[in-house]
Enquirer: 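This is the structure I want to talk about, given as structure tokens.
In what follows, every heavy atom counts, from backbone to side chain, and hydrogens, waters and symmetry copies are set aside. Convention: sequence-line order gives letters A, B, ...; per-chain numbering from 1.
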Protein chains: 4
Amino acid sequence: MPKAKAKPAEPKQRKSDRTRDEFKAAARRVFARSGYLSAKINDITREAGKSAGTFYLYFTDKEDLLRALIEEFYAELPHNIALAGNGASDPMEAIEDGLRGYWNAYQKYQADIVGIFQAAMVDPAYEQIWREIRASGIRMTAHSIRRMQDDGACPGVDPTLLASALCGMVEFACYNWVSRRIDFKEREIEEEEAIQALLAALRGTLSYRPPAAKPARRRIR
Amino acid sequence: MPKAKAKPAEPKQRKSDRTRDEFKAAARRVFARSGYLSAKINDITREAGKSAGTFYLYFTDKEDLLRALIEEFYAELPHNIALAGNGASDPMEAIEDGLRGYWNAYQKYQADIVGIFQAAMVDPAYEQIWREIRASGIRMTAHSIRRMQDDGACPGVDPTLLASALCGMVEFACYNWVSRRIDFKEREIEEEEAIQALLAALRGTLSYRPPAAKPARRRIR
Amino acid sequence: MPKAKAKPAEPKQRKSDRTRDEFKAAARRVFARSGYLSAKINDITREAGKSAGTFYLYFTDKEDLLRALIEEFYAELPHNIALAGNGASDPMEAIEDGLRGYWNAYQKYQADIVGIFQAAMVDPAYEQIWREIRASGIRMTAHSIRRMQDDGACPGVDPTLLASALCGMVEFACYNWVSRRIDFKEREIEEEEAIQALLAALRGTLSYRPPAAKPARRRIR
Amino acid sequence: MPKAKAKPAEPKQRKSDRTRDEFKAAARRVFARSGYLSAKINDITREAGKSAGTFYLYFTDKEDLLRALIEEFYAELPHNIALAGNGASDPMEAIEDGLRGYWNAYQKYQADIVGIFQAAMVDPAYEQIWREIRASGIRMTAHSIRRMQDDGACPGVDPTLLASALCGMVEFACYNWVSRRIDFKEREIEEEEAIQALLAALRGTLSYRPPAAKPARRRIR
DNA sequence: TATGAATGAGTATTCATTCAT
DNA sequence: AATGAATGAATACTCATTCAT
């Protein structure tokens, strides 16, 4: 038949991309709702309004899908965290900027982070990824700690160890407060209130200076 | 687990008790090794050197087994934590005692705690249990925070919120450092070193006093 | 079956409907051959030429499958029985029409009826269903009995009790003669012969008039 | 040690018999309560207050146990039925005696009969046994029918076929009314009332004489 | 004899993945 | 590209039966 069709090459590519994105968006919703581990492939395809088979045209696996989420997340992470902290000359400010950066990233990439965290529990490959994500935060935090220590604050602790603890605190608070809504079922936590609580801990820890003459602990009464 | 199944008759004899304990011990090893969620009933029976069916003479479920672990854990928890902190008159001392208590309990009941934590990700009933376990620690910590605030320290933060963050920090550090051995693959963390790092954060946070004239954030130097 | 499980999504397409019907047909063959209680899911899938998992795309259970059979059976039952008896003005004719209706329904839905009957032995929910199916027949029969009693026949008996006995007779004869082929292994029973035997009992019972002066039982001759 | 023990050979034998009987009694209770097919070996041993292993000292099987029940039942059956009917010279009286005999036997051996009936659904060997039990009743009933037919009553029906239907009626009524308590949940059926209903059917059927000039059924309107 | 803990074959069920249309 | 029906390997669970004590 003589009807010369215009090659729809471009639009096709587009459509395919769109479907892929729809899957990712659906997965984010599902992961946020019921976690990565208990999410069934079917839950995701249903959420995406696609059929079961279609999923495998775009991803090989639930893990593959998670990997795709992570990539996006990775691509934007620096904007939220690393860059945020970079500008600040004052270590305390750097820490606060870092916290706010992480908090914002967490809001947006909740599903990804929970996904990685849960996958890490079961799959060593994801444990590695999780460790890497943590690592950059820890490195930054440790750097600030070291600067504070140079100034005489919080002496005698391994900066990396302390950084690991503090980053974990932030991470875990996000998980508990934002994703699982644990601990505070009865009331909504205000975003700023939450940040202030974390900030109080960070600030206190980093600026701690032991009293001049430290009395022996548990001295004889 | 939400549907309360009738527990199996639970043979009470000597031999029977021993087998039940063997299963619990085997489960602790398996959970510690590969986590609760990915553990198969078969993994546990094999580890216990028992046959598949035997498991069901003692437990109805993997969940039921976890419940049994928790009970034991619960029974001993107060000795390690609550009682520990009770004697101390000084809030800082109470916090330190609580930390050491939790740390010790964690060493011993690692598998249980990880099990509950993982089960909580997937099963609301365990989320509830996990929340309860956290609650007692949070309550105690919040109490100490309030006492410090009465004294003028760490002002302007919701004690419960801050307590939740700090308890999470301890919990999560135990998980990362002890159970997953994340962050510090290259070296063994000394127990005392780990405790000191956590203590530094707790002490700093609780005793923080803002500088007399609080300067505006990010003022020009 | 007491716990109402959510039925699987129940694909509605053409192909899917056919498969569902194939399962029902296969189940009817299997139930007729070896009874409902001893039928394994596997027997049915094999008979249907499908794989194990496919069964669960269409039914949650063996019970669910039986329920599906019953529905079909229920839908047609009135055509065979109730309507049949409705037109007849003479109670004896109503009874005969009812009998022929039930007989025909039984031929077609043997497997369903046997299934319900067997399931009722083990599961109270099916006992209820079975009771309901019986109830309509009993009600109709009792009605005819009452009309005959108004006319002076078979006096002094509870119509419902008698109806229950007579309906049971028909039911059980169908079971023994048609489904189990008991009692008459050596020869084929002609359909009409069987019906005539049942009819003889029904007719005799309903038209019975006690002899005028009832002699004492077991008097000396 | 010089204490010469008396050989407890006799008592031992007694004890063993007693245990066996306890199992049989327990089984009767369990079968009557929940049917033969759904009864687990464990249900029976628990009901008997014995341990699981002990069961196998006395029986090889649940079937073996059922066989033992049947034997006892068989041994007494003639007293209740066959002998009962034998004395009567009048066929109607023979039928009534037979009915009362069966009814009494059923009360006592409910569990056995239900057991055989259910086992027959699943196991051909028990189908055979069931058929045999039925056979003697059918033979007797057919005999009475033949005598009535010689007298001109209920003409034109195969006596055995009719007997099978009538015996089935009685059997099934016992099952429904006594064992399953179906059809009459709301009220207790009086024993005599039940017997009278069955008797009405038997009497009517056997004494039926077609009206002199039988009009064509469904004549032209 | 009696016990009851242990066994393992048999069965049901789930769900990621494939493939004909 | 998309569909959704079909697959079957993996796993959980039950229960009759054995056996060391």
Side-chain angles (χ1 to χ4, degrees), chain A residues 8 11-13 15-16 18-20 38-46 48-63, chain B residues 5 8-9 11-20 39-45 48-63, chain C residues 5 8-9 11-20 38-45 48-63, chain D residues 8 11-13 15-16 18-20 38-46 49-63:
Chain A
K12 235 184 199 169
Q13 171 63 18
K15 169 121 185 267
S16 160
R18 203 179 330 125
T19 305
R20 198 179 153 87
S38 27
K40 314 285 164 223
I41 298 276
N42 246 351
D43 299 338
I44 298 168
T45 56
R46 197 179 318 119
K50 302 288 172 184
S51 83
T54 307
F55 180 87
Y56 291 91
L57 296 176
Y58 295 95
F59 308 95
T60 67
D61 251 348
K62 195 168 66 163
E63 274 150 39
Chain B
K5 288 181 218 166
K12 287 157 221 146
Q13 302 327 304
R14 203 110 346 109
K15 175 86 176 300
S16 156
D17 274 353
R18 203 177 329 125
T19 304
R20 198 180 155 86
K40 310 290 164 215
I41 299 277
N42 250 351
D43 300 339
I44 297 168
T45 56
K50 303 288 173 188
S51 86
T54 306
F55 179 87
Y56 294 93
L57 293 177
Y58 297 94
F59 308 96
T60 63
D61 255 346
K62 196 168 65 163
E63 275 137 39
Chain C
K5 288 182 217 164
K12 289 158 222 148
Q13 302 327 304
R14 203 114 342 111
K15 174 85 178 301
S16 156
D17 275 353
R18 204 179 328 126
T19 304
R20 199 180 154 86
S38 28
K40 309 290 163 215
I41 299 277
N42 249 351
D43 301 339
I44 297 168
T45 56
K50 303 287 172 187
S51 86
T54 306
F55 179 87
Y56 294 93
L57 294 177
Y58 296 94
F59 308 96
T60 63
D61 255 346
K62 197 169 65 164
E63 275 138 37
Chain D
K12 236 184 198 168
Q13 171 61 20
K15 169 122 186 265
S16 161
R18 203 179 332 125
T19 305
R20 198 179 153 88
S38 28
K40 314 286 165 224
I41 297 276
N42 247 350
D43 299 340
I44 297 168
T45 56
R46 197 178 318 119
K50 301 288 172 188
S51 82
T54 308
F55 180 87
Y56 291 91
L57 296 176
Y58 294 95
F59 307 95
T60 67
D61 251 349
K62 194 168 68 164
E63 274 149 39

Enquirer: Mapping Ile41(C) and Phe55(D) onto DNA chain E by nearest heavy atom, which one lands closer to the 5' end?
Expert: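 Checking each residue's closest nucleotide, the 5'-ward one belongs to Phe55(D).
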Enquirer: Can you tell me how far OG1 of Thr19(A) sits from OH of Tyr58(A), rounded to the nearest 0.5 angstrom?
Expert: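 Between Tyr58(A) OH and Thr19(A) OG1, I get 3.5 Å after rounding to 0.5 Å.
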Enquirer: So which one's nearest nucleotide on DNA chain E is more toward 5', Thr54(A) or Asn42(A)?
Expert: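 Closer to the 5' end of DNA chain E: Asn42(A).
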Enquirer: Round to the nearest Å and state the distance from Arg20(C) atom CZ to dG4(F) atom C1'.
Expert: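 Going from CZ in Arg20(C) over to C1' in dG4(F) covers 17 Å.
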Enquirer: May I have the distance from Arg46(D) (atom CZ) to dT3(E) (atom C1'), rounded to whole angstrom?
Expert: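 Roughly 16 Å, once rounded to whole Å.
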Enquirer: Just how far is it from atom OG1 of Thr45(A) to atom NZ of Lys50(A), taken to the nearest 0.5 Å?
Expert: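 One gets 11.0 Å once the value is rounded to the nearest 0.5 Å.
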Enquirer: Between Ser16(C) and dG4(F), does any side-chain N or O lie under 4.0 Å from OP1 or OP2?
Expert: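 For Ser16(C), the contact criterion (side-chain N or O under 4.0 Å from OP1 or OP2 of dG4(F)) is not met.
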Enquirer: What interatomic distance, in whole Å, is found between P of dT21(F) and the corresponding atom of dT1(E)?
Expert: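 Here dT1(E) and dT21(F) have their P atoms 22 Å from each other.
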Enquirer: In whole angstrom, what separates Asp17(B)'s CG from dG4(E)'s P?
Expert: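 The answer, rounded to whole Å, is 14 Å.
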Enquirer: Figure out the CD1/P separation between Ile44(B) and dC13(F), and round it to whole Å.
Expert: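 Atom-to-atom, Ile44(B) to dC13(F), this comes out as 11 Å.
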Enquirer: Check whether any side-chain N or O of Lys62(A) sits under 3.5 Å from a backbone N or O of Ala39(A) as a donor-acceptor pair, and report yes or no.
Expert: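 Checking the backbone N and O of Ala39(A) against the side chain of Lys62(A), a donor-acceptor pair under 3.5 Å is found.
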Enquirer: For the pair made of CG in Asp61(D) and C1' in dC15(F), what is the distance, rounded to whole Å?
Expert: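 So the two atoms are 13 Å apart, to the nearest Å.
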Enquirer: Please state whether the phosphate of dC13(F), meaning OP1 or OP2, lies under 4.0 angstrom from any side-chain nitrogen or oxygen of Tyr56(B).
Expert: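 For dC13(F), OP1 or OP2 has a side-chain N or O of Tyr56(B) closer than 4.0 Å.
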Enquirer: Please pick, from dA16(F), dA6(E), dT11(F), the nucleotide with the shortest atom-to-atom distance to any side-chain atom of Lys40(D).
Expert: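 Of dA16(F), dA6(E), dT11(F), dA16(F) is nearest to the side chain of Lys40(D).
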Enquirer: If dA20(E) has a Watson-Crick or G-U wobble mate with both distances under 3.5 Å, name it; if not, just say none.
Expert: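 dA20(E) is paired, partner dT3(F).
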Enquirer: Starting from C1' on dA12(F), measure out to CD on Glu63(B) and report it in whole angstrom.
Expert: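 In whole Å, dA12(F) C1' and Glu63(B) CD are 12 Å from each other.
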Enquirer: Where the side chain of Thr19(C) is concerned, which of dA6(F), dA2(E), dT3(F) is the nearest nucleotide?
Expert: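 Selected nucleotide (nearest to the side chain): dA6(F).
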Enquirer: At 4.0 Å (heavy atoms only), tell me whether Lys50(C) reaches a base, stays on the sugar-phosphate, or touches nothing.
Expert: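 Touches sugar-phosphate only.
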Enquirer: Could you give the CG-to-P distance, from Asp43(B) to dT11(F), as a whole number of Å?
Expert: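 About 8 Å, once rounded to whole Å.
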Enquirer: Quickly work out the Tyr58(B) OH to dC15(F) C1' distance and round it to whole Å.
Expert: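 My rounded result for the distance is 16 Å.
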